[in-house]
Amino acid sequence: MFASYVFLVTIFTVNLDIFFNNYEKILLPIFALLTLCLGVRMDYLSHDYGKTFDMQIQYSQYQNTITRDNQYFLQYRNDKYIWLTAPIQNDNNFSELYVKNKDRNMIPINYYDWTDAMHKLKSKKFKTHDDYMRAFDKQILKKVKLIQAKDNK
């Protein structure tokens, strides 16, 4: 994605080159600044997507070890910059790799709800990763109960 933005800025810069005599003094710094800004933006987006995907894998693997009727899926903050064939809870590729029991109800969890649950656990210390995932799951279940209570009103 970053390469497509750099290509767009390059085309824009090359086409403006004919209007300026001092290309190296004017357009080159502007091009470098635009490229840097786009790079920082794309790095931020890709880091957020990667963090969400890694957490989704860990949480799905944890849910595979427990018995329940529902499988919860962590949603992305904004999925307009990635190529999703379907939402994560309906993604057959993800389910094939990371969901053991496909007969469960597939329930999405809003990005802001699951990150809030994660922030509540940030200051606590856990002995193992399983303990952390168990506490995270409890926070998610609290969020789900709050959402269901709100929807039932």
Side-chain angles (χ1 to χ4, degrees), residues 1-14 28-153:
M1 186 176 354
F2 178 66
S4 64
Y5 282 117
V6 170
F7 185 65
L8 177 70
V9 171
T10 303
I11 289 174
F12 179 72
T13 305
V14 168
L28 197 56
I30 292 172
F31 174 71
L33 184 63
L34 283 173
T35 304
L36 180 67
C37 291
L38 288 171
V40 169
R41 170 90 170 128
M42 293 300 113
D43 187 52
Y44 172 75
L45 286 172
S46 62
H47 176 72
D48 187 52
Y49 289 141
K51 184 179 79 172
T52 300
F53 189 70
D54 288 343
M55 189 62 180
Q56 174 58 38
I57 291 170
Q58 293 172 27
Y59 189 48
S60 289
Q61 289 174 338
Y62 169 76
Q63 292 181 86
N64 290 338
T65 65
I66 59 177
T67 304
R68 70 164 79 158
D69 294 333
N70 300 324
Q71 179 92 9
Y72 298 103
F73 291 90
L74 310 178
Q75 299 297 294
Y76 292 101
R77 177 190 321 213
N78 181 355
D79 59 4
K80 70 180 184 179
Y81 293 106
I82 56 176
W83 181 7
L84 284 177
T85 56
I88 194 79
Q89 67 271 14
N90 299 332
D91 187 358
N92 291 330
N93 292 327
F94 187 86
S95 291
E96 190 66 35
L97 294 171
Y98 303 110
V99 178
K100 184 178 174 183
N101 187 350
K102 293 168 186 57
D103 296 331
R104 293 178 175 176
N105 297 325
M106 308 296 183
I107 300 174
I109 302 297
N110 185 301
Y111 176 84
Y112 297 102
D113 290 334
W114 74 261
T115 52
D116 183 49
M118 197 164 71
H119 289 301
K120 288 180 181 179
L121 301 175
K122 197 171 221 173
S123 62
K124 298 179 181 179
K125 301 288 183 198
F126 298 96
K127 291 181 181 179
T128 65
H129 185 66
D130 286 342
D131 291 340
Y132 174 78
M133 292 310 294
R134 194 173 301 114
F136 180 75
D137 188 52
K138 286 181 184 177
Q139 290 293 324
I140 293 296
L141 293 176
K142 284 181 187 178
K143 291 282 185 183
V144 169
K145 286 180 185 177
L146 289 173
I147 292 168
Q148 288 173 346
K150 183 179 171 184
D151 289 343
N152 290 334
K153 286 186 178 182

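Source: prediction; values computed, not measured.
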For this session: State plainly whether the residues Asp131 and Arg134 are in salt-bridge range, i.e. N to O under 4.0 Å.
Result: yes
For this session: Answer yes or no: is there a donor N or O on one side and an acceptor on the other, between the side chain of Thr65 and the main chain of Tyr62, under 3.5 Å?
Result: yes
Exercise. When rounded to the nearest 0.5 angstrom, what distance separates CG in Asp113 from CG in Leu146?
Worked result: 9.0 Å
Problem set entry | ring-ring contact (aromatic ring centres under 6.0 Å, His included) contacts touching residues 131-153 (sequence neighbours left out) | Tyr59-Phe136, Phe126-Tyr132
Problem set entry | Enclosure of Lys102 NZ (heavy-atom neighbours >12, cutoff 6.0 Å) | yes
Exercise. Residues two or more places apart in sequence or in another chain: which of them pass side chain to side chain donor-acceptor pair (under 3.5 Å) with Gln139?
Worked result: none
Exercise. If you measure from CE on Met118 to CG on Leu74, what distance do you get to the nearest 0.5 Å?
Worked result: 9.0 Å
Exercise. Roughly how far, to the nearest 0.5 Å, is CD of Gln71 from CG of Asp103?
Worked result: 11.0 Å
Exercise. Taking Trp114 for the side chain and Ile140 for the main chain, is one N or O donor matched with an acceptor at less than 3.5 Å?
Worked result: no
Exercise. What is the distance from atom CZ of Arg104 to atom CE of Met106, rounded to the nearest 0.5 Å?
Worked result: 8.5 Å
Exercise. For Met133 and His129, what are the C-alpha separation, side-chain angles and deciding distance, and is it a side-chain contact (heavy atoms from CB on, under 4.5 Å)?
Worked result: CA-CA 6 Å; Met133 292 310 294; His129 185 66; 3.6 Å; yes
For this session: Kindly state each residue pair satisfying side-chain hydrogen bond (donor to acceptor under 3.5 Å, both in side chains) with at least one member in residues 115-124, sequence neighbours excluded.
Result: Asp116-Lys143
What side-chain donor-acceptor pairs closer than 3.5 Å can you find for residues 39-48, not counting sequence neighbours?
| residue | atom | partner | partner atom | Å |
| --- | --- | --- | --- | --- |
| Arg41 | NH2 | Tyr81 | OH | 3.4 |
| Tyr44 | OH | Arg77 | NH1 | 3.1 |
| Tyr44 | OH | Arg77 | NH2 | 3.3 |
| Ser46 | OG | Met42 | O | 3.0 |
| Ser46 | OG | Asp43 | O | 3.1 |
| Asp48 | OD1 | Arg77 | NH2 | 3.4 |
| Asp48 | OD1 | Tyr111 | OH | 2.9 |
| Asp48 | OD2 | Arg77 | NE | 3.4 |

Exercise. Residues in ring-ring contact (aromatic ring centres under 6.0 Å, His included) with Tyr98, at least two apart?
Worked result: Phe94
Exercise. Under 3.5 Å, is there a donor-acceptor pair linking the side chains of Thr52 and Gln56?
Worked result: no
Exercise. What distance separates Leu97 CG from Gln61 CD, expressed to the nearest 0.5 Å?
Worked result: 10.0 Å
Seminar exercise, completed: One should read off an interatomic distance between Asn101 CG and Arg68 CZ, to the nearest 0.5 angstrom, of 11.5 Å
For this session: Could I get the full list of side chain to side chain donor-acceptor pair (under 3.5 Å) partners for Asp69, not counting sequence neighbours?
Result: none
